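Data first, discussion second: the structure below is written as structure tokens.
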Amino acid sequence: MEQFDIVVIGGGPAGLGATIEAKKQGITKILVIERDIEPGGILQQ
């Protein structure tokens, strides 16, 4: 089983922002979990 340093749940603006900041901090093993086909969308209600 593959292991990650950080897992971000949600590929919306906040999730992508958290991912970018983690990358800037030197974290390289990042997994983003998103239910849509493409990240960056808004919350579906």
Side-chain angles (χ1 to χ4, degrees):
M1 178 166 56
E2 193 166 358
Q3 295 186 355
F4 298 92
D5 295 323
I6 188 171
V7 176
V8 178
I9 300 174
L16 293 180
T19 303
I20 291 168
E21 186 59 32
K23 186 74 172 171
K24 288 180 182 177
Q25 297 295 323
I27 298 171
T28 57
K29 297 281 290 184
I30 304 169
L31 173 65
V32 178
I33 299 174
E34 173 56 46
R35 65 179 171 186
D36 286 334
I37 296 171
E38 295 182 13
I42 60 171
L43 184 62
Q44 297 177 358
Q45 295 185 14

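These numbers come from a predicted model, not from an experiment. The figures that follow rest on heavy atoms only: side chains count, while hydrogens, waters and symmetry mates do not.
For D5, there are no side-chain hydrogen bond (donor to acceptor under 3.5 Å, both in side chains) partners at least two apart in sequence or on another chain. In this structure, the salt bridge (Lys or Arg N to Asp or Glu O under 4.0 Å) partners of E2, at least two apart in sequence or on a different chain, are K29.
None of L31, I30, V32 except one satisfies the side-chain contact (heavy atoms from CB on, under 4.5 Å) rule with I6; the exception is I30.
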Ignoring hydrogens and angles, write down the donor-acceptor pairs under 3.5 Å from the side chains of residues 9-28, residues two or more places apart or on other chains.
{"residue": "T19", "atom": "OG1", "partner": "G15", "partner atom": "O", "Å": "2.8"}
{"residue": "E21", "atom": "OE2", "partner": "Q25", "partner atom": "NE2", "Å": "2.8"}

